[in-house]
Amino acid sequence: MLHAVNLTKKYQEHLALDDLNLSIEPGDIYCLLGANGAGKSTTINLFLNFIAPTSGKAVIDKFEVTENPQATRKLIAYIPENLVLYNELSGLENLEYFVGLAGMKYHQEQLVGFLKEAGLQVEAYKKRVKAYSKGMRQKVGVAMAIAKRAKVLLLDEPTSGLDPKASNEFSELLLRLSKQNVATLMATHDLFRAKETGTNIGIMKSGKLVEQLSTEEINHSDLEKLYLNHMSN
Amino acid sequence: MVNLNIRHELKLLSRNFWFVSLSLVLVLLCLYAGHNGLKHYERRTADQQEALAAQQAKEQLIKEVALTLSKGEEHPNAYRLSPMNLAISTGRLGTMPATQMSKLAIGQSDLYTHQLKIALNEDLATLSFNELNNPVQLLFGNFDLAFVLTYLVPLIIIAFTYNLRTRELESGRLKLLASNPIKINLWLLQRFIIRYFFLLLILTAILLATVLIARTGFSMQLLVFFLLTYAYLAFWFAISYLANLLGRSSARNAVSMLSLWILLVLVVPTVINQAANTVYPMPSRVKLLNEIRQTKKELSKEQNKVLDEYLRNHPELISNKGENAYGYWQGYFASQELTEKRLAPLIERFDAQLAKQQRWVNAWGILSPAVMFHDGATRLAGTSSAHYEQFKDYVRSFSLNWRAHFMPFVFKNEMLGLQELDNLPEFQFRSRSRTAGVFMNISVLLVFSALTVIWGLALEGKRQLI
């Protein structure tokens, strides 16, 4: 579903992403770990076609993103670290607008259903998002993914700054989407959440993918040791 | 996506405190400007009516004198029927009536005179009209609707559009938006077009209210005025669209847009005017007046000789009462014609230079949308410099008629009777319609807007927009 083939991004002399190769199949939750500047967000931006690769290609469902940006964006849902919505609008109105941009049209009841599925409290639907917590905004983001019927979920540190309960709720939502065969690529600093939620983990350092493993192969403490080991080398 | 964006923008704008507040301020400003225009129109019309009433009263008195004398009776004011009195003291009042549209654009009507007494002793060269006016001076000065539209509406457009993209970029929302299958420059263009039509609707409602308050009435000129306004708004929206696509921060966009506003509305018109003065310097007005005085002085010393020469050129004016029939005034008028002939090259140079300057300003005015808009508005309102030039030509032409009509009476020293009074030339100014020229201004503004938008669209793929 999601493939990086020799994907490289260079900014003048700085190599932001170095020959990345990875594959994420439907139902997989691939967690990219790494320090700031390791190339996690660059990878996501390349899949979103926000930046052009220097070499290699990013492929989503057989479409190369640079050649078919519109087709690939129809398949994608993206949730950044801070999901900034329109403060003047309610959660429901924000959902209606963003889903509308994706070319989807729903009745109010259906939109309410998506918000409910994403776990947003009923009383918040028609409240302006100005009053929303970060966790509530992330839930609207998940509702967008559900409504868009996205096949691919690109998440850029979505749980950063969330309290443990909200973070746990978010993980449960991801697992639910995974069961619906959504392929997820999540950049995160949260080792615990990566182990708990992910199916695969990749550790990045200085633009290189230095380690790839299945979450079933490793326990929490070994993952932490492995990560710290890579970071200290 | 259009319907979606329309509903979205409507929600955003209606819930935006500043947009609602500034719209209300705009309503108040326009209504106040309309009220000012109405007052100016009423004052100008009242002044003209007062002057015309005084003139009519004077003429009525003269007719009563003529009626008394026609009955063979005597009248103590019989002298009023002398050609000197009629041609000089009574004269004719040349007026340029205010149009209904002048309530919307006062233009030059408070700089130029729109009523003049035309008498036989007036020097055509020194009719009290101004020289070329600084376009900035023309734009400033009156708080009328044209002022609000020229100056304040672009600022309101800047306030509501300068950060349409950069705000999304800075907040990080642009990535969320761009993760959908949309083209950012097209999505942005849609938002601009929607906001343009919102403002256009609001402004149309305000303008209609102002038109009703100012009692302007509906006309072709009003319709073209609306089109001109829409084209002017389109220009500022297009510029802001491009600035949004090129800019990386809202602060920088705001500064760029305000700088552009200063450049296009204030600096360019001033530079055009200054350049006109440099390229086509005007002969000295003082020198012209000195020349007139000097020539008159010289000719007055040789008045008899001048009169002889004049009568040789105009044998039809020779009186059968012999040489004693001619006095001061006959000599004066004879020298007046000679003065004009001698000064003609100087005056023509003055007029030609002024015309060149005006042509320069008109040609380069294309560089400033504010000049294009204001010029169009005053053309429609009948208060443009072209209208006053036309009025000046009318006055000059009528002065010549007036003189030609009276000269036989003056030289033959004949009193005028009732019949002659009825046959006196009448001054009637008919303003030429300049609406057609305004379409050129509209076209230029629209072409600039279209080119700017095309430039913006061409940036897709060539510039990092996200």
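Within every chain, numbering begins at 1; the chains are lettered A, B, ... in the order of the sequence lines, protein sequences first and strands thereafter. All values reported here derive from a predicted model rather than from experimental measurement.
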Measure the CG-CG distance between A:N45 and A:L17 for me, rounded to the nearest 0.5 Å. 10.5 Å
Quick check for you: among A:E81, A:E93, A:K74, which has the greatest number of heavy-atom pairs under 4.5 Å with chain B? A:E93
Part of A:E96 lying under 4.5 Å from any heavy atom of chain B: both
Strictly distance-based, threshold 3.5 Å: is any side-chain N or O of A:S178 a donor or acceptor partner for the main-chain N or O of A:G27? yes
Between B:R173, B:K175, B:K11, which residue shows the highest count of heavy-atom pairs closer than 4.5 Å to chain A? B:R173
Is there a donor-acceptor pair closer than 3.5 Å between any side-chain N or O of B:R165 and the backbone N or O of B:N185? no
Just by distance, do the side chain of B:T166 and the backbone of B:R248 share a donor-acceptor pair under 3.5 Å? no
Chain B contact via A:N49 - which portion, at a heavy-atom distance below 4.5 Å: neither
With no hydrogens and no angle check, is any side-chain donor or acceptor of A:D156 less than 3.5 Å from a backbone partner on A:S41? no
The interface call for A:L48 against chain B, heavy-atom contacts under 4.5 Å, is side chain
Would you say the side-chain atoms of B:Y232 pair up with the backbone N or O of B:T150, donor to acceptor, closer than 3.5 Å? yes
Checking heavy atoms, do the side chain of A:L83, its backbone, both or neither come under 4.5 Å from chain B? side chain
Looking only at A:M144, A:K148, A:E88, the option with the highest number of non-hydrogen pairs under 4.5 Å against chain B is A:E88
